[in-house]
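Contents: one structure, followed by commentary.
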Amino acid sequence: MQVIETFSPEDTFRLGVSLGERAKPGEVYTLDGDLGAGKTALTQGIAEGLRVEGPVCSPTFTIVQEYGEGRMPLYHFDVYRIGDAEEMEEVGYEDYFYGQGLTVIEWADKIAAILPKRRVAIRIEKDLEQGFDYRRITISEVPE
Ligand code: ADP
Ligand code: MG
């Protein structure tokens, strides 16, 4: 387990860049943390680290947004508004989770039951005592 503290959105973005640079095809990164924690900011860094061109925003109305131009495909899920597991079936989530790209899932706790056993779990927490822009980011490899 790795704990990283960031003190600005740019710090979090840079952490994402290094994660994106080191990512391997088929990996799944789950992102959890409150609204405004920095899940999308981290994902934008990951996209940069994968050399994805163009803007990456939260795919709130589509569940998944696919970016094909980088070092490997990026499958960016935001399951905040997911109603039930059937919606995940409809988007064909298994093709993404077990495919050859990097899957990043915002609000992954909401679909805990269908997450791959092997994944990289990333949790972002605020701590207002440490300042408004402080984030504690915990990265743990979940083994099979
Ligand atoms: P989420 O996707 O988790 O809802 P966003 O990435 O969309 O969150 O937004 C995070 C917000 O918090 C942005 O407005 C960003 O500027 C702000 N912020 C402040 N400090 C940080 C930090 N250390 N890391 C990431 N975002 C931060
Ligand atoms: Mg978001």
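Numbers here are sequence positions counted from 1. Start at 1 and go down the list; that is how both ligands and their atoms are numbered. Side chains are part of it too, since the values below use all heavy atoms of this structure and drop only hydrogens, waters and symmetry mates. Remember, predicted model here, so these are calculated numbers, not experimental data.
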Item to check | Qualifying ring-ring contact (aromatic ring centres under 6.0 Å, His included) pairs, either residue in residues 1-36, two or more places apart | outcome: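 Residue pairs passing ring-ring contact (aromatic ring centres under 6.0 Å, His included), neighbours aside: Phe7-Tyr134.
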
Next on the checklist: Quick one, Tyr93 with Val64, criterion side chain to side chain contact (heavy atoms under 4.5 Å, CB included). Give me CA distance, side-chain angles, the key distance, then yes/no.
Outcome noted: CA-CA 9 Å; Tyr93 74 92; Val64 60; over 6 Å; no

Checklist entry - Less than 4.0 Å between atom 14 (O) of ligand 1 and some protein heavy atom, yes or no? => result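 Under the 4.0 Å cut-off, atom 14 (O) of ligand 1 has no protein heavy-atom neighbours at all.
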
Checklist entry - Is atom 25 (C) of ligand 1 close to the protein, meaning a heavy atom under 4.0 Å from it? => result yes

Checklist entry - What part of Leu42 sits under 4.0 Å from ligand 1 if we count only heavy atoms: the side chain, the backbone, both or neither? => result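 The answer is neither; Leu42 stays 4.0 Å or more away.
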
Checklist entry - Is Thr40 touching ligand 1 with its side chain, its backbone, both, or neither, if touching means heavy atoms under 4.0 Å apart? => result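 Contact part for Thr40 vs ligand 1: both backbone and side chain.
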
Consider every N or O of [X] and every N or O of ligand 1, then say whether any pair is closer than 3.5 Å.
{"X": "Lys39", "answer": "yes"}
{"X": "Ala41", "answer": "yes"}
{"X": "Phe132", "answer": "no"}

Checklist entry - Which residues pass the salt bridge (Lys or Arg N to Asp or Glu O under 4.0 Å) test with Arg119, sequence neighbours left out? => result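 For Arg119, no residue satisfies salt bridge (Lys or Arg N to Asp or Glu O under 4.0 Å) once neighbours in sequence are set aside.
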
Next on the checklist: Restricting to N, O or S, what is the name of the atom of Glu106 that lies nearest the Mg ion (ligand 2)?
Outcome noted: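 So the atom name we want here is OE1.
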
Checklist entry - Any non-hydrogen atom of Ile124 lying under 4.0 Å from ligand 1? => result no

Next on the checklist: Please confirm whether Thr6 approaches ligand 1 to less than 4.0 Å, judged on its heavy atoms.
Outcome noted: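 Yes, Thr6 has heavy atoms under 4.0 Å from ligand 1.
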
Checklist entry - Tyr80 versus Lys39: any side-chain heavy-atom pair under 4.5 Å? => result no

Checklist entry - Going by the order shown, which atoms of ligand 1 are within less than 4.0 Å of some heavy atom of Glu106? => result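 Here the atoms of ligand 1 in question are 2 (O).
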
Next on the checklist: As an exercise, identify every atom of ligand 1 less than 4.0 angstrom from a heavy atom of Asp34.
Outcome noted: 3 (O)

How long is the span from the [atom1] atom in [X] to the [atom2] atom in [Y], to the nearest 0.5 Å?
{"X": "Leu50", "Y": "Leu74", "atom1": "CG", "atom2": "CG", "value": "6.0 Å"}
{"X": "Ile105", "Y": "Ile111", "atom1": "CD1", "atom2": "CD1", "value": "4.5 Å"}
{"X": "Glu106", "Y": "Ile63", "atom1": "CD", "atom2": "CD1", "value": "13.5 Å"}

Checklist entry - Do any of the N/O/S atoms of Thr43, backbone or side chain, fall under 2.8 Å from the Mg ion (ligand 2)? => result no

Checklist entry - Where is the nearest protein heavy atom to atom 18 (N) of ligand 1: which residue, which atom, and how far? => result Arg135 NH2, 3.3 Å

Checklist entry - For atom 23 (N) of ligand 1, which protein heavy atom lies nearest, and how many Å away is it? => result Asp133 O, 2.7 Å

Checklist entry - Out of Gly38, Gly16, Gly36, whose heavy atom is nearest to atom 4 (O) of ligand 1? => result Gly36

Checklist entry - Which atom names give the shortest non-hydrogen contact between Gly36 and Arg135, and what distance separates them? => result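 The answer is O-NH2, 3.2 Å.
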
Next on the checklist: Using every non-hydrogen atom in the two residues, find where Ala108 and Leu115 come nearest and quote the distance to one decimal.
Outcome noted: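 Scanning both residues, the minimum pair turns out to be O-CD1, 3.8 Å.
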
Checklist entry - In this structure, are over 12 heavy atoms from other groups packed under 6.0 Å from Asp34 atom CG? => result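 Check fails, neighbour count at 12 or below.
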
